[in-house]
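Everything quoted here is computed from the prediction, not taken from an experiment. Chain naming here is simple, since letters A, B, ... match the order of the sequence lines and numbering starts at 1 in each.
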Number of protein chains: 2
Amino acid sequence: MALIVKKFGGSSVGNIDKIKAVAKRILDEKQPDDKIVVVVSAMGDTTDDLIQLAKGITKDPYQYTREMDMLLTTGEQVSISLLTMAFKALGQKAISLTGALAGVKTNSVHTKGKIKDIQPKRIFEELDKGNIVIVAGFQGCDDLGDPVTLGRGGSDTSAVALAGAMKADVCEIYTDVDGVYSADPRIAKGARRMKEITYYEMLEMARLGAGVMQPRSVETGRLYNIPIHVRSTFTNKPGTIIREEYTMEEKEFIIRGVAHDTNVAKFAVLGIPNTPGIAHAIFSKLAENNVDVDMIVQSIRNMEKNVTDMVFTVTADDLGQAKQIVDKVADELNAVAVLIEQDVAKVSIVGAGMLGNPGIAARMFKALSDANINIDVISTSEISISCLIKADKIKEAVNAIHDEFFKD
Amino acid sequence: MALIVKKFGGSSVGNIDKIKAVAKRILDEKQPDDKIVVVVSAMGDTTDDLIQLAKGITKDPYQYTREMDMLLTTGEQVSISLLTMAFKALGQKAISLTGALAGVKTNSVHTKGKIKDIQPKRIFEELDKGNIVIVAGFQGCDDLGDPVTLGRGGSDTSAVALAGAMKADVCEIYTDVDGVYSADPRIAKGARRMKEITYYEMLEMARLGAGVMQPRSVETGRLYNIPIHVRSTFTNKPGTIIREEYTMEEKEFIIRGVAHDTNVAKFAVLGIPNTPGIAHAIFSKLAENNVDVDMIVQSIRNMEKNVTDMVFTVTADDLGQAKQIVDKVADELNAVAVLIEQDVAKVSIVGAGMLGNPGIAARMFKALSDANINIDVISTSEISISCLIKADKIKEAVNAIHDEFFKD
């Protein structure tokens, strides 16, 4: 007997036939004693359709975050009820639970909620009755009982957090790719599927733009030490297992993957008087508004006048909000100018192996240089190196770097 | 200051422009100190669209009543969020509440739920913060917190019950007609709008098919003694007020209205041995399955053999379910046959005034007879008389009877 949480995303349940296929596939794979919890997203375009409706009411509906959550949580509620009916029509006992009914408790930061706690009592009760339990991903409720969505990557996070709270054997994430690759296979010709990857490496890959998994869900898996099996909706082949440590012999590449991210915008706040606390002034305001800042470089522009420039990147989605905040702070700091660049992208290499290998960064920069690609900003972590480049060079950059490290 | 519950049906919020218009209209009419609760249904065709989705999964999705409720309650959740955004976009503080969040507690009879209790604490809190509160009609939750829909007429019932629980000054039901008429104005040429009608009369009109108001909601209004103002979504004219007693001088017609209902199916269970308890055997089974039985006639077919026929009508919507039950019971009772007729309709007159006027029934039958319309079954209540006739004669029947009683 295994307790398995399976998560299917919006494209896996994009229409009625796909929903039926998901139900059938789960039953085909199910061992008699398995206890199964299925977490699903909204059907395909549902969320976009709902946003369009809201935009008919007002140009910027996301200013009404609570009402957006009230609206958007209906998307998963539709898919859980339909998938549950599909199980029942196949003779399988099943029941649907919204995030709230599944015991997913969140804070009250609407549209960007975070899970505070999961109380899976009802889920266990329903499993004990022989039900497959179908839970709405991407959502929970706050202390008032109001629906709250978890923001980007929320469905994976729901699934992994549920698996953690229930001490499941594994959390299976079904997606349209069959695992985690050494680079985006749509871009890098030689990209290879990895059988295993550690939480830390996956976390870094995800943080740096590898679209397969959102960092939040990987981090949640790490916290609860739940193996995450990333696999294809469309085949039965095993995918990639994300876990604490490698369990099998696998030729260890020094780097594990090349990640890239085009959803990036760059700010340059120029000519700020270089007094203590200016970094705090800018970044605390952004943090208060839940805008994540990524690469940060501060450089002295004019030593005599003691004036500095601050360059940093944010997710392009947050550009509008970030601009308002940065303009205001820059004004207060008497900055000379705020420049924004949107045609930028980030390419990164990730691997725990690079810690003891000082030559890795040089090889990456050389690969870019050989491909005639300028590096704008560089940032590093313990297990990654990232370069900001022009967005239109990203494909060449990924291939050049991937060839450098993965070509045997 | 007045505390007003306003209910808008699906056609009133059928698209984005209509939703905006509803918000604007409510604000135009609102006095500064008024506290307003708005109950809304799902947008126009939403419920039908959701049912179609479910029918893609399985031919008879209504067998999965809990999942249908999970699915269908999303319809109102979409409309409350959009209407709330429309208020906010007009600068009005507003908040949406699902049935569950509004404190509407139901039993667990999914798709046909009944309100057990309303705990309007959250609504009052939100009103006190200066919000217009927008509540999802047609729904509540049971003791598990699972969503439950209230079945036919549920939105009106939600609104009136909320008004009752909150001791509101009035419950305004906005609809596509501008009040209650002496007969369906689409059918009866001389139909007149009534300024007032009593709960009892309206109840009887509604029970007998007057589509403006569902009996449940009128009954709820009577229980809580909440005046119900039935008025048009599209004009500011006063409509009809349903209340305990008439408050103004109005020429009292002996009958208040002519109702009709084409959503009727007739069962005839023929040749049942006439032993005690046969009525109970049939009707208790139907009641257990929440099938309402309306007109009932039992007639002795053969005195010597002591064999009887049982004729009764049900809502046509319940025909399939009723047939299963009746066939089974008829078999157990050794009945000779079960006949079903669907091309029947019911025409009725309603009025508290008919109590002391024995000639009223005779005038009704004569009007039908003069119009050459056969009467199949007759039933009476204290304040109504109903005749079952062929469905294709219903328009003639309504006009003939309306002319008889309302032509000055």
- Query: Please walk me through it: do B/K88 and A/T58 pass side chain to side chain contact (heavy atoms under 4.5 Å, CB included)?
  - Reply: CA-CA 9 Å; B/K88 285 172 166 281; A/T58 175; over 6 Å; no
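The neighbour count for B/Q324 CD, taken as heavy atoms of other residues, nucleotides or ligands under 6.0 Å away, does not exceed 12. Annotation for B/K114: atom NZ does not count as buried by contact number, only 12 or fewer foreign heavy atoms lying within 6.0 Å. Other residues, nucleotides and ligands contribute only 12 or fewer heavy atoms inside 6.0 Å of the NZ atom of B/K323. Residue B/K285 qualifies as open at atom NZ: its count of foreign heavy atoms under 6.0 Å is 12 or below.
Between chain B and the residues A/G75, A/A89, A/C141, the most heavy-atom pairs under 4.5 angstrom are made by A/A89. Per-residue counts of heavy-atom pairs under 4.5 Å with chain B were compared for A/L83, A/D146, A/L97, A/D17; the largest is that of A/D146. Ranked by heavy-atom pairs under 4.5 Å with chain B, the list A/M85, A/M43, A/K20 is led by A/M85. Ranking B/S96, B/G56, B/A86 against chain A, the residue ahead of the rest is B/S96, based on heavy-atom pairs under 4.5 Å.
When side chains are defined from C-beta on, B/T98 counts as touching A/M70, because their heavy atoms get closer than 4.5 Å.
The shortest heavy-atom contact between B/L50 and A/V78 is CD2-CG2, 4.1 Å. Across B/L53 and A/I16, no two heavy atoms sit closer than the pair O-CD1, 3.3 Å. The minimum heavy-atom distance between A/Q77 and B/T73, with the atom names listed, is NE2-OG1, 3.0 Å. For the pair B/P147 and A/L101, the tightest heavy-atom approach, listed with the atom from each and the gap, is CD-CD1, 4.0 Å.
A/L82 touches chain B through backbone and side chain together, each having a heavy atom under 4.5 Å away.
Proximity to chain A at a heavy-atom threshold of 4.5 Å picks out B/P61, B/Y64, B/R66, B/E67, B/M68 from residues 59-68 of chain B, in numerical order.
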